[in-house]
Amino acid sequence: MIRTIHVFILVFVAVAGLASLSASAQTPDEILTAIKTEAKNSNATFKGFSAERGATFFKQKHANELSCASCHTDNPAATGKHTKTGKIIKALAPAANAERFTDSAKVEKWFKRNCNDVLDRICTPQEKGDVITYLLTVKS
């Protein structure tokens, strides 16, 4: 009887843990809303994000003669490859990769790392929001 209770408790804890993981997942729109708040707080003249600006930013070469497209390709719904390491990069567009932009900590980590590589600085909230807005328009 006690063993059955222990098994029941373990199963309950495991199911509750899985449920909390799925409840904590975010959507790309929620990530974008948080970045919008950041943009408004950092720029009094903020007027919104633009997919067109995001596409230009994504494809344009910057400080290190790199662009986002250098690794993620001109089609962010396709698999990319890191220019230095050759590591395969899963599609960046959420329509082609449902895991993209579902964890704000990962989004911040990768924007910080990639913006420093491409721009030699961190991206502004405007740039991050424009890029995500663009990526949300890309269909697989």
Side-chain angles (χ1 to χ4, degrees):
M1 177 70 175
I2 290 179
R3 185 173 205 159
T4 304
I5 292 172
H6 285 137
V7 169
F8 177 76
I9 290 171
L10 286 173
V11 168
F12 177 78
V13 169
V15 169
L18 289 174
S20 70
L21 282 176
S22 64
S24 67
Q26 296 171 289
T27 67
D29 286 333
E30 290 170 333
I31 300 283
L32 196 57
T33 298
I35 294 171
K36 186 176 190 177
T37 300
E38 186 183 351
K40 286 179 181 178
N41 291 337
S42 67
N43 180 0
T45 63
F46 174 76
K47 294 188 185 338
F49 299 128
S50 161
E52 185 178 318
R53 267 194 320 263
T56 299
F57 182 89
F58 187 86
K59 295 172 184 176
Q60 178 181 352
K61 289 191 177 182
H62 298 278
N64 289 321
E65 288 302 307
L66 293 172
S67 67
C68 304
S70 296
C71 294
H72 294 287
T73 79
D74 282 336
N75 176 7
T79 300
K81 188 163 105 173
H82 194 276
T83 57
K84 291 182 183 174
T85 67
K87 180 182 174 188
I88 299 298
I89 301 170
K90 292 181 183 178
L92 189 57
N97 182 351
E99 295 175 16
R100 292 296 188 184
F101 308 108
T102 58
D103 180 327
S104 59
K106 283 184 181 180
V107 170
E108 283 305 311
K109 170 190 169 182
W110 286 107
F111 265 120
K112 181 179 180 183
R113 182 176 293 174
N114 292 337
C115 290
N116 278 322
D117 287 347
V118 172
L119 302 171
D120 271 342
R121 64 172 174 80
I122 62 171
C123 285
T124 66
Q126 180 78 58
E127 291 165 336
K128 292 187 281 189
D130 287 345
V131 168
I132 293 173
T133 299
Y134 160 62
L135 293 170
L136 289 171
T137 69
V138 174
K139 304 300 176 207
S140 58

Quiz prompt | salt bridge (charged side-chain N to carboxylate O under 4.0 Å, His left out) pairs, two or more places apart, involving residues 109-123 | solution = Arg121-Glu127
Quiz item: With sequence neighbours left out, which residue pairs that include part of residues 28-56 fulfil the salt bridge (charged side-chain N to carboxylate O under 4.0 Å, His left out) condition?
Solution: Glu38-Lys128, Arg53-Asp130
Exercise. For residues Ala39 and Gln126, report the shortest heavy-atom separation together with the two atoms involved.
Key: CB-N, 4.5 Å
Quiz prompt | Separation of Ile31 CD1 from Ile132 CD1 (nearest 0.5 Å) | solution = 7.0 Å
Exercise. Identify the two heavy atoms, one from Lys139 and one from Ala77, that lie closest to each other, and give their separation to 0.1 Å.
Key: O-CB, 3.7 Å
Exercise. Identify, with sequence neighbours excluded, every residue that meets side-chain contact (heavy atoms from CB on, under 4.5 Å) alongside Thr79.
Key: Ile88
Self-check item: Closest non-hydrogen atom pair between Phe101 and Leu92, with its separation
Solution: CE1-O, 3.7 Å
Self-check item: Selection residues 59-81 - residue pairs positive for salt bridge (charged side-chain N to carboxylate O under 4.0 Å, His left out), sequence neighbours left out
Solution: none
Exercise. Scan residues 80-140 for pairs that pass disulfide bond (SG atoms under 2.5 Å apart), counting only residues two or more places apart or in two chains.
Key: Cys115-Cys123
Quiz prompt | Under the side-chain contact (heavy atoms from CB on, under 4.5 Å) test, residues paired with Thr33 that sit two or more places apart | solution = none
Quiz item: Side chains of Leu136 and Leu32: does their closest heavy-atom pair fall under 4.5 Å?
Solution: yes
Quiz item: In terms of hydrophobic clusters joined by side-chain contacts under 4.5 Å, are Phe58 and Ile89 together?
Solution: no
Exercise. List for me each residue that meets side chain to side chain donor-acceptor pair (under 3.5 Å) alongside Thr73, sequence neighbours excluded, and say none if there are none.
Key: none
Exercise. Not counting sequence neighbours, list each pair that qualifies as a side-chain hydrogen bond (donor to acceptor under 3.5 Å, both in side chains) and has a residue in residues 84-99.
Key: His82-Thr85
Practice problem: Quick one: closest heavy-atom pair of Ile122 and Asn116, and the distance? | Solution: N-OD1, 3.6 Å
Quiz item: Which heavy atom in Pro76 sits nearest to a heavy atom in Val138, and how many Å separate them?
Solution: CG-CG2, 4.0 Å
Exercise. Not counting sequence neighbours, list each pair that qualifies as a disulfide bond (SG atoms under 2.5 Å apart) and has a residue in residues 44-111.
Key: none
Quiz prompt | Donor-acceptor pair, side chain of His62 and main chain of Phe57, under 3.5 angstrom | solution = yes
Exercise. Only counting residues at least two apart or in another chain, list the ones meeting side chain to side chain donor-acceptor pair (under 3.5 Å) with Ser70.
Key: Ser67
Self-check item: Any residue meeting side chain to side chain donor-acceptor pair (under 3.5 Å) with Ser42, in chain and number order, not counting sequence neighbours
Solution: none
Quiz item: For Ala55, which residues count as a side-chain contact (heavy atoms from CB on, under 4.5 Å) partner, sequence neighbours excluded?
Solution: Tyr134
